[in-house]
Amino acid sequence: LALSPPLAAPFAAYLLLLTSFHMGEYLLTAAYRPDTLSFDNFLLNHSALYQIMTVLSWLEYWLEATLPTPLAPLKRWSLVSWLGLATCFVGLCSRFLAMATATSNFSHMIEEEKREQHVLVTRGIYGWLRHPAYFGYFYWAVGTQVLLANPVCLVAYALASLFFFIRRIHYEERILLRFFGDDYRRYRDHTRIGIPFIEWCLQPATSDSHEHNCL
């Protein structure tokens, strides 16, 4: 019963999305930033927290699916699964489009020194979202937990992503202001981040804190 097609379908879709995400990160880096290419660009090992939460999401799915819990019916393919799949699709497309639009300006690590070819990208998806790769990652991560109908991990993924991006965007915008000055201020004033609550919490990027996590 646990491995019947209706029950296994959401998890199979999740595994396909997970594989697509990590392969996409590596292949797009190979295409646009071959100078930085390494195994790390798969993002499989960017943090212990990511690995732990991934395993916990698997455990939650199968425990709630196989034990007699009220959530068991949601583990079969349903409207919730379609909603999660659509959210993941929006997230993946946004992130990959951001990487392809930024080309050599994209990096998995925040660059603290401006390269000669480093420019402020404002075209395409960057015309609406100033951090579309982060926007994409957030909705991809949250969407996977909607797809799996994992209420506990849904909250955990959302909160962990919010806290991470508040710190990272705050620090990155401080560097971008140093790189591009008033051009970035004007750009920032006419674009959005698109991740819930972050623009309410985010203060002007003046902190001296350092954030080097890879995402």
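Side chain of Arg178 to main chain of Glu112: a donor-acceptor pair is present (N/O by atom type, distance under 3.5 Å, no hydrogens or angles). Put simply, the side chain of Thr69 gets close to the backbone of Glu64: a donor and an acceptor are under 3.5 Å apart. In terms of modelled atom types and a separation under 3.5 Å, the side chain of Ser57 and the main chain of Thr54 share a donor-acceptor contact. Between the side chain of Tyr187 and the backbone N or O of Tyr126 there is at least one donor-acceptor pair closer than 3.5 Å. With hydrogens and angles ignored, the 3.5 Å screen pairs no side-chain donor or acceptor of Lys75 with any backbone N or O of Trp62. Arg167 contributes a side-chain N or O that, together with a main-chain N or O of Phe163, makes up a donor-acceptor pair within less than 3.5 Å.
A 4.5 Å side-chain heavy-atom check between Arg188 and Leu177 finds at least one atom pair inside the cut-off. Here the side chains of His22 and Leu43 are in contact, with some heavy-atom distance below 4.5 Å. Residues Leu27 and Phe96 have side chains not in contact (no heavy-atom distance under 4.5 Å, counting atoms from C-beta outward). Phe39 has its side chain out of reach of Tyr26: every pair of non-hydrogen atoms, C-beta onward, lies at least 4.5 Å apart. For the pair Met99 and Glu25, the minimum side-chain heavy-atom distance is below 4.5 Å. Side-chain atoms of Trp140 and Leu18, non-hydrogen and from C-beta on, do get closer than 4.5 Å to each other. Contact annotation: the side chain of Tyr157 never approaches that of Asn150 to less than 4.5 Å [non-hydrogen atoms, C-beta and beyond]. Side-chain atoms of Phe11 and Tyr14, non-hydrogen and from C-beta on, do get closer than 4.5 Å to each other.
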Show, in sequence, the C-alpha distance, side-chain angles and deciding distance for Glu172 and His131, and conclude whether the side chain to side chain contact (heavy atoms under 4.5 Å, CB included) test is met.
CA-CA 10 Å; Glu172 185 170 328; His131 297 287; 4.0 Å; yes
For side chain to side chain contact (heavy atoms under 4.5 Å, CB included), just list the numbers for Thr87 and Val146, CA-CA rounded to whole Å, side-chain angles, deciding distance to a tenth of an Å, and then say yes or no.
CA-CA 8 Å; Thr87 305; Val146 176; 5.6 Å; no
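With sequence neighbours excluded, no residue forms a salt bridge (charged side-chain N to carboxylate O under 4.0 Å, His left out) with Glu60. Residues passing the ring-ring contact (aromatic ring centres under 6.0 Å, His included) test with Phe138: none are found, sequence neighbours excluded. Residues passing the ring-ring contact (aromatic ring centres under 6.0 Å, His included) test with Phe179 are His118, sequence neighbours excluded.
Transitive grouping of hydrophobic side chains (ILVMFWY, heavy atoms separated by less than 4.5 Å) brings Leu83 and Leu147 into a common cluster. Hydrophobic clustering places Leu15 together with Tyr50 (ILVMFWY residues linked when any side-chain heavy atoms are closer than 4.5 Å, directly or through intermediates). Both Leu71 and Tyr61 are assigned to one and the same hydrophobic cluster, defined by single-linkage of ILVMFWY side chains at heavy-atom distances under 4.5 Å. Follow the hydrophobic side-chain contacts under 4.5 Å out from Leu16 and you never reach Leu44; the two are in separate clusters. If you chain together hydrophobic residues whose side chains sit under 4.5 Å apart, Ile125 and Phe89 never meet in one group.
Taking both residues in full, the closest heavy atoms of Gln145 and Leu154 are given as CB-CA, 3.7 Å, listed atom of the first, atom of the second, then distance. A pairwise comparison of heavy atoms in Ala72 and Leu67 identifies CB-O, 4.0 Å as the closest pair. Nearest heavy-atom pair across Ala149 and Leu74 is CB-O, 3.6 Å. Heavy atoms only, all atoms of each residue included: Asn105 and Val119 are closest at OD1-N, 2.8 Å. Nearest heavy atom pair, residue Ser94 against residue Gly136, reads CB-CA, 3.9 Å. Closest heavy-atom contact between Ser161 and Tyr137: OG-CE2, 4.4 Å.
Here the straight-line distance linking atom CG of Asn45 with atom CG of Asp40 works out to 4.5 Å at 0.5 Å rounding. Rounding to the nearest 0.5 Å gives a distance of 9.5 Å between CG of Leu159 and CZ of Phe197. Taking CD1 of Ile169 as the reference point, atom CZ of Phe164 lies at 9.0 Å (rounded to 0.5 Å). One finds the CG atom of Leu92 at 6.0 Å from the CG atom of Leu17 (value rounded to the nearest 0.5 Å). The CG atom of Leu176 sits 11.5 Å away from atom CZ of Arg185, with the distance rounded to the nearest 0.5 Å. Atom OG1 of Thr122 sits about 13.5 Å away from atom CZ of Arg130, to the nearest 0.5 Å.
Using a cut-off of 4.0 Å between Lys/Arg side-chain N and Asp/Glu carboxylate O, Arg186 and Asp189 are scored as not salt-bridged. By the 4.0 Å N-to-carboxylate-O rule, Asp35 lies close enough to Arg33 to be salt-bridged with it.
Aromatic ring pairs are classed by plane angle as parallel below 30°, tilted from 30° to 60° and perpendicular above 60°; the pair His108 and Phe106 is perpendicular.
Enclosure of atom CZ in Arg192 is not indicated, since only 12 or fewer non-hydrogen atoms of other residues, nucleotides or ligands lie within 6.0 angstrom.
Only one option out of Phe135, Tyr171, Tyr134 pairs with Phe165 in a ring-ring contact (aromatic ring centres under 6.0 Å, His included); it is Tyr134.
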